[in-house]
Amino acid sequence: MNVLKPLNRASLKRTVAVASLALISTFTASTTLAQSLSLSDSILPEQEEQQGAGAQQQEQVNDTPRADWRSGTYGPVSQPPQNPDALPPFGANLFTGGFRGAMGDGLNPDYRIKPGDQVTVRAWGAVEFDRVLPVDAQGNIFIPGSGPLNVEGQSSQQVDNSVRSAITSVYPDNVEVYTNLQGVQPVAVYVTGYVENPGRYAGTPNDSLLYFLDQSGGIDQDLGSYRQVRVVRNNTTVATVDLYDFLLNGSIARPQFQDGDTIVVEERGPAIAVGGDVHRQHRYELVGNQLSGAELVNLARLKSGVSHVLLRGDREDGPIAQYFPIDMFYGQTIRSGDEVLFSSDQRSETIVVEVEGSYYGPSRYALPRDVRLSELLDAIAVPESMTAVESISIKRESVKEQQAQSLEDSLRRLETTYLGAPSNTNEEAAIRVQEAQLIQDFIARASELEPSGRLVVAYDGRISDIRLQDGDVVTIPEVSDSMLISGEVLVPQAAVYRPGMSVIDYIEGAGGFTERADDDHILVVRQNGAVENARNVNLRPGDEILVMPAAPTHNLQLASTITQILYQVAVATRVAVDL
């Protein structure tokens with residue numbers, strides 16, 4: 001698209017190569033050849049008398065550098081260290097009642113029979129009977145015609161085999177046997193330690209440890225351990241559960257509970273704080289007093305693009321603050337009380353720019369970080385007779401943020417200036433009350449408007465060859481045959497452009513001014529986003545005539561301020577806010 005003079009590519013490449021070579025040389029040269037910036041040799045007048053004495057003490061001056069400036073890293077803005085106790089523990093959302101209604105049904109094939117259980121036994125053929133046989137205190141069931149059979153400690157499959165063998169030993173021919181575990185004896189388990197509601201809770205032997213912990217309200221988030229949960233039976237620990245294995249991998253020990261067992265949640269161990277570019281900032285509990293960076297990366301769920309890690313903490317020789325690339329962090333040692341901040345700090349050499357409007361080709365382009373507008377436009381084909389190449393503009397996120405911040409600051413100054421001003425008389429106070437309500441309504445409406453972020457790059461038939469930024473939207477408008485008349489007119493409308501017609505002609509065609517219109521302040525908004533005063537402008541197809549409202553106040557200073565803000569809103573949003 002030949003709307004710009006093409007850049008001299010060879011000259012550009014030579015310039016970049018020389019600059020890059022100079023930059024590399026600066027950082028790779030030896031210390032003896034390096035040149036650094038320094039302050040001037042001149043000193044203040046009162047320092048001259050002390051110069052001689054200071055020279056004698058020069059050897060005692062500590063000139064040790066306060067930082068390693070050769071690191072070449074660019075870390076996040078420094079923040080106060082994060083206290084691990086201020087963060088929720090990893091796994092804090094585990095106990096939210098999800099296990100409370102999920103009592104086990106006792107049908108686990110690994111379940112071991114114990115006294116009080118019931119076994120259904122059916123036999124047919126040579127002998128027929130259908131009984132529900134309870135397991136007595138000695139762990140036996142009594143089979144008619146066969147006698148007592150010990151089944152305590154057996155699984156359901158083992159019980160089936162034992163019963164079948166016992167019956168076929170008496171009736172060896174033409175007999176079929178079926179067994180089923182009818183029900184299990186409920187158990188009461190004590191839950192204690194650092195839980196919300198210690199106590200005795202009912203369940204079944206096959207219920208999960210999580211079920212009983214959830215019954216007790218879960219682990220105390222401030223004091224309880226997620227990595228040291230013990231199951232104690234007769235003063236002996238029969239299982240130790242690390243809930244991190246369940247949270248990360250879905251695996252958990254499944255001890256079969258007995259009546260009178262105790263679940264003990266130990267006190268929380270040493271912890272570290274993890275934040276930055278992670279999906280959730282948490283406190284992670286350690287097993288022992290340290291872990292490696294690779295182990296922490298496996299625990300924390302990082303966001304995509306994490307490239308660097310900031311490690312802060314205390315050591316025997318004093319506090320540390322180190323900044324590593326992610327691959328170097330794997331071998332680092334993290335200790336209790338440390339803070340680890342993950343950072344997406346790798347600057348991409350590619351930006352993505354979007355194109356909209358009248359053109360041929362894709363709508364998004366992945367471009368080098370130092371690309372300029374002319375390079376993009378040279379690569380885009382457009383319909384020759386349908387494109388207004390002189391009205392190209394760019395929507396930029398940083399401009400949008402600046403417009404929003406500027407508008408917010410103006411509205412805040414307006415509110416502070418006029419809502420806090422004192423009144424000398426009752427009449428003045430009454431007027432100020434009305435103006436205060438007017439200003440508050442105006443601020444509320446203006447605050448809801450969203451700036452366009454439009455950057456004007458086309459002016460007087462020429463286009464500025466600016467450097468593009470990531471997320472830019474380049475607008476190439478179509479040739480328009482219409483005019484838009486909006487703002488304080490009776491009938492806002494779009495009209496066909498007619499050469500020779502003036503701004504007033506189009507306004508009269510839209511019904512004329514409203515009572516609130518300020519006929520001295522009329523703006524013309526160009527297709528490229530430029531805003532001009534209608535007094536000294538030649539209309540073009542695609543323009544928008546924007547009639548501004550008058551400030552309804554007799555306070556000249558207030559009217560001037562509101563008018564200024566109205567202009568600011570109109571330029572940023574292309575909207576005339578009515579007071």
Side-chain angles (χ1 to χ4, degrees), residues 388 390-395 399-400 402-404 406-407 409-411 413-414 442 445-446 449-464 475 477 479-553 555-579:
E390 73 282 353
S391 297
I392 291 174
S393 63
I394 295 177
K395 286 189 291 186
V399 174
K400 179 179 178 180
Q402 292 172 359
Q403 290 175 334
S406 177
L407 178 58
D409 293 341
S410 298
L411 294 175
R413 285 195 300 270
L414 174 65
F442 170 67
R445 290 196 303 272
L449 297 176
E450 184 176 358
S452 64
R454 185 72 63 180
L455 179 63
V456 180
V457 297
Y459 179 76
D460 197 20
R462 305 184 64 180
I463 300 176
S464 301
T475 303
V479 172
S480 176
D481 296 323
S482 64
M483 299 283 295
L484 182 63
I485 304 95
S486 62
E488 293 300 327
V489 293
L490 291 177
V491 186
Q493 60 182 262
V496 176
Y497 171 76
R498 295 177 181 175
M501 288 187 63
S502 66
V503 171
I504 297 300
D505 293 335
Y506 283 106
I507 293 176
E508 290 178 352
F513 297 104
T514 65
E515 293 180 356
R516 296 182 298 274
D518 185 353
D519 53 8
D520 290 330
H521 296 91
I522 305 173
L523 304 180
V524 174
V525 183
R526 303 293 194 182
Q527 271 189 305
N528 63 355
V531 179
E532 303 179 24
N533 194 301
R535 292 179 179 177
N536 47 8
V537 67
N538 294 321
L539 295 177
R540 297 197 297 257
D543 287 345
E544 176 182 358
I545 299 173
L546 188 62
V547 179
M548 303 297 294
T553 176
N555 186 322
L556 297 181
Q557 185 178 4
L558 175 59
S560 176
T561 302
I562 292 180
T563 300
Q564 180 181 359
I565 296 178
L566 289 175
Y567 268 82
Q568 186 177 356
V569 171
V571 172
T573 67
R574 301 181 68 168
V575 174
V577 181
D578 181 15
L579 276 73

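Just so you know, these numbers come straight off a predicted model, no measurement behind them.
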If every non-hydrogen atom of [X] is compared with every non-hydrogen atom of [Y], which pair is closest and at what distance?
{"X": "R535", "Y": "D520", "value": "NH2-O, 3.4 Å"}
{"X": "L490", "Y": "G511", "value": "CD1-O, 2.8 Å"}
{"X": "V457", "Y": "I394", "value": "CG1-CD1, 4.1 Å"}
{"X": "S480", "Y": "P541", "value": "O-CB, 2.9 Å"}
{"X": "A458", "Y": "N528", "value": "O-ND2, 2.6 Å"}
{"X": "Q403", "Y": "R454", "value": "NE2-O, 4.1 Å"}

May I have the step-by-step check of side-chain contact (heavy atoms from CB on, under 4.5 Å) for L539 and M501, ending in yes or no? CA-CA 8 Å; L539 295 177; M501 288 187 63; 5.8 Å; no
What residues, two or more places apart in sequence or in another chain, satisfy salt bridge (Lys or Arg N to Asp or Glu O under 4.0 Å) together with E508?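 Scan of E508 (salt bridge (Lys or Arg N to Asp or Glu O under 4.0 Å), adjacent residues dropped) gives none.
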Counterpart residues, salt bridge (Lys or Arg N to Asp or Glu O under 4.0 Å), relative to D409 (two or more places apart):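 For D409 the salt bridge (Lys or Arg N to Asp or Glu O under 4.0 Å) partners, ignoring immediate neighbours, are R412.
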Contacts of [X] that satisfy side chain to side chain donor-acceptor pair (under 3.5 Å) - sequence neighbours left out:
{"X": "D505", "result": "S502"}
{"X": "S391", "result": "none"}
{"X": "D518", "result": "H521"}

Using atom types as modelled and distance alone, determine if a side-chain donor or acceptor of T475 lies under 3.5 Å from a backbone N or O of P477.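 Here the side-chain-to-backbone pair does not exist.
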Gap between atom [atom2] of [Y] and atom [atom1] of [X] - 0.5 Å precision:
{"X": "D519", "Y": "I504", "atom1": "CG", "atom2": "CD1", "answer": "7.5 Å"}
{"X": "D543", "Y": "Y506", "atom1": "CG", "atom2": "OH", "answer": "9.0 Å"}
{"X": "E450", "Y": "L407", "atom1": "CD", "atom2": "CG", "answer": "12.0 Å"}

One pair to check against side-chain contact (heavy atoms from CB on, under 4.5 Å): R498 and M483. What are the steps and the verdict? CA-CA 9 Å; R498 295 177 181 175; M483 299 283 295; over 6 Å; no
With E532, which residues qualify under side-chain contact (heavy atoms from CB on, under 4.5 Å), at least two apart?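 E532 satisfies side-chain contact (heavy atoms from CB on, under 4.5 Å) with R526, V537 once adjacent residues are dropped.
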Would you please name every residue forming a side-chain contact (heavy atoms from CB on, under 4.5 Å) with V489, sequence neighbours left out?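 Testing V489 for side-chain contact (heavy atoms from CB on, under 4.5 Å), a comparison that skips the adjacent residues, returns I485, P492, I507, A510, V547.
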